[in-house]
Amino acid sequence: NSRQKLFHFSQRAVASKGFTEAITWSFTDSKVDNLFSERKEEIRLSNPISSDLDVLRSSLYSNLMIGAKKNIHRNFEDLMLFEIGPVFKGKEPGKQSTMIGAIRTGKYSRKNWIEKERNFDVFDIKNDALRILNEIGIDDSKIIVSNKTKKCYHPGRSGLLSLGSSNGPVLAYFGEIHPSIIKKLDLRVENVLGFEIFLDNIPES
């Protein structure tokens, strides 16, 4: 159906920007998930497969960060990872939404003799999110950029993309992940940038 088509097309759109797809569980470590959660209470599993996979994820960032940390600690610092799948708002059926989450770390054009290397910044990740939204059928003129943000982002280096007006349906959040989270997770990089696209809010064309 059209939703499945959108899912697979979005997957290819993100991968074509150079991101590598991560496939992880829908459960995650509550200590990491709490850093990204906007929920009042976590959704604990009564019989987790391991102690560090004890809640249903409220954000795709949780597992992406855990994956990034493993890579960075093995000296792979330039990462572009994404995942597409469900996040959970409550225990009841239907209390979940399909999201794309993506992160970038490290430098742009490292060891390139033509271009000077530089750290990825908020404009890179905003550009990624905008291009993907364009490719999945949303006209640039309908996307409104505002500085509304969530607590897991750096307040001055993040924003919201919404449809039609700044109070319209949320299409995506983008920005630099809050430095305190990078420090807590011991990521050992200068910054991590990310975007979250709300696939359920993409209008059917």
Side-chain angles (χ1 to χ4, degrees), residues 10 13-14 17-20 22 28 31-39 57-69 71-73 76-84 87 99-110 112 115-136 138 140 142-199 201:
S10 310
V14 185
K17 309 288 167 289
F19 288 88
T20 301
T28 190
K31 292 190 281 297
V32 180
D33 200 59
N34 284 337
L35 300 171
F36 298 101
S37 179
E38 302 268 303
R39 276 198 317 248
R57 63 186 178 195
S58 67
S59 166
L60 292 177
Y61 282 147
S62 316
N63 287 338
L64 286 172
M65 290 295 180
I66 293 167
K69 181 174 174 175
N71 279 282
I72 291 162
H73 286 203
F76 294 106
E77 289 164 31
D78 300 336
L79 294 173
M80 293 173 69
L81 297 174
F82 83 98
E83 182 162 15
I84 177 167
V87 300
M99 305 280 295
I100 305 171
I103 58 170
R104 275 176 180 267
T105 68
K107 292 191 185 296
Y108 175 81
S109 67
R110 194 190 291 265
N112 183 326
E115 292 180 275
K116 221 167 74 192
E117 67 175 39
R118 62 173 178 81
N119 284 338
F120 286 125
D121 62 27
V122 64
F123 300 105
D124 294 313
I125 205 77
K126 175 187 173 190
N127 190 32
D128 288 334
L130 279 170
R131 280 170 63 201
I132 290 157
L133 289 170
N134 291 159
E135 281 173 30
I136 57 183
I138 297 181
D140 241 349
K142 296 202 174 86
I143 301 174
I144 306 300
V145 183
S146 61
N147 59 3
K148 291 179 185 176
T149 190
K150 298 194 317 194
K151 68 176 184 350
C152 65
Y153 291 101
H154 187 305
R157 298 178 195 161
S158 56
L160 167 70
L161 303 175
S162 48
L163 188 62
S165 77
S166 58
N167 298 319
V170 172
L171 296 173
Y173 283 100
F174 66 89
E176 191 176 311
I177 303 297
H178 203 292
S180 67
I181 293 179
I182 306 305
K183 207 168 166 185
K184 269 185 197 136
L185 293 175
D186 182 31
L187 276 167
R188 303 181 196 170
V189 285
E190 282 181 52
N191 61 4
V192 176
L193 297 133
F195 65 74
E196 301 166 283
I197 291 177
F198 292 73
L199 274 189
N201 290 349

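Numbers here simply count residues along the sequence, with the first being 1.
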Worked verdict on Asp78 versus Thr105 for side chain to side chain contact (heavy atoms under 4.5 Å, CB included): CA-CA 5 Å; Asp78 300 336; Thr105 68; 5.8 Å; no

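- Although no hydrogens or angles enter the test, the distance criterion places no donor-acceptor pair under 3.5 Å between the side chain of Lys150 and the main chain of Tyr173.
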Test log, rule side chain to side chain contact (heavy atoms under 4.5 Å, CB included), inputs Asp140 and Asn134: CA-CA 6 Å; Asp140 241 349; Asn134 291 159; 3.4 Å; yes

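- Atom CG of Leu81 is separated from atom CE of Met65 by 10.0 Å, given to the nearest 0.5 angstrom.
- Between Leu133 and Ala172, the shortest heavy-atom distance links the atoms CD1-CB, 4.4 Å.
- Looking only at side-chain heavy atoms (C-beta outward), Ile144 and Leu161 stay at 4.5 Å or farther from each other.
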Side chain to side chain contact (heavy atoms under 4.5 Å, CB included) assessment of Leu60 paired with Glu196: CA-CA 8 Å; Leu60 292 177; Glu196 301 166 283; over 6 Å; no

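- Counting non-hydrogen atoms of other residues, nucleotides and ligands closer than 6.0 Å to NZ of Lys31 gives a total of 12 or fewer.
- Nearest heavy-atom pair across Asp124 and Phe120 is OD2-CA, 3.4 Å.
- Crowding of Lys126 atom NZ: a count of heavy atoms from other residues, nucleotides or ligands under 6.0 Å not exceeding 12.
- Here the shortest heavy-atom pairing between Leu187 and Ile72 reads O-CG2, 3.0 Å.
- Atom CG of residue Leu171 and atom CG of residue Leu160 lie 8.0 Å apart, to the nearest 0.5 angstrom.
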Working for side chain to side chain contact (heavy atoms under 4.5 Å, CB included), residues Phe36 and Ile181: CA-CA 9 Å; Phe36 298 101; Ile181 293 179; 3.7 Å; yes

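- Asn167 and Lys148 are linked by a side-chain donor-acceptor pair at a separation below 3.5 angstrom, with hydrogens and angles left out of the test.
- A pairwise comparison of heavy atoms in Leu64 and Ala22 identifies CD2-CB, 4.1 Å as the closest pair.
- Scanning both residues, Tyr153 and Gly194, for their nearest heavy atoms gives CE2-O, 4.0 Å.
- The distance from atom CZ of Phe198 to atom CD1 of Ile100, rounded to the nearest 0.5 Å, is 11.5 Å.
- In this structure, Asp186 does not pair ionically with Lys184, as no charged nitrogen and carboxylate oxygen lie closer than 4.0 Å.
- Counting only residues at least two apart or on different chains, the salt bridge (Lys or Arg N to Asp or Glu O under 4.0 Å) pairs with a member in residues 157-181 are Arg157-Glu176.
- A side-chain donor-acceptor contact under 3.5 Å links Ser158 and Thr149.
- At a threshold of 4.5 Å between non-hydrogen side-chain atoms, the residues Pro155 and His178 count as touching.
- The shortest side-chain heavy-atom distance between Leu163 and Ile143 does not fall under the 4.5 Å cut-off.
- Note: Ser58 OG to Met99 CE = 10.0 Å, rounded to the nearest 0.5 Å.
- Here the CG atom belonging to Asp128 is positioned 13.5 Å from the CZ atom belonging to Phe123, to the nearest 0.5 angstrom.
- Within the 4.5 Å cutoff, the side chain of Glu135 has heavy atoms near those of the Lys17 side chain.
- Taking CD1 from Ile136 and OG from Ser10, the interatomic distance works out to 4.0 Å, rounded to the nearest 0.5 Å.
- Taking the charged nitrogens against the carboxylate oxygens, Arg188 and Glu77 have no contact shorter than 4.0 Å, which rules out a salt bridge.
- Side-chain contact between Ile182 and Ile177 is present, with heavy atoms from C-beta onward closer than 4.5 Å.
- Each of Asp33, Ile103, Thr28, Val192 was compared with Tyr61 under the side-chain contact (heavy atoms from CB on, under 4.5 Å) criterion, and only Ile103 meets it.
- Within 6.0 Å of CG in Asn147 there are 12 or fewer heavy atoms belonging to other residues, nucleotides or ligands.
- Here the shortest heavy-atom pairing between Leu193 and Asp121 reads CD2-C, 3.5 Å.
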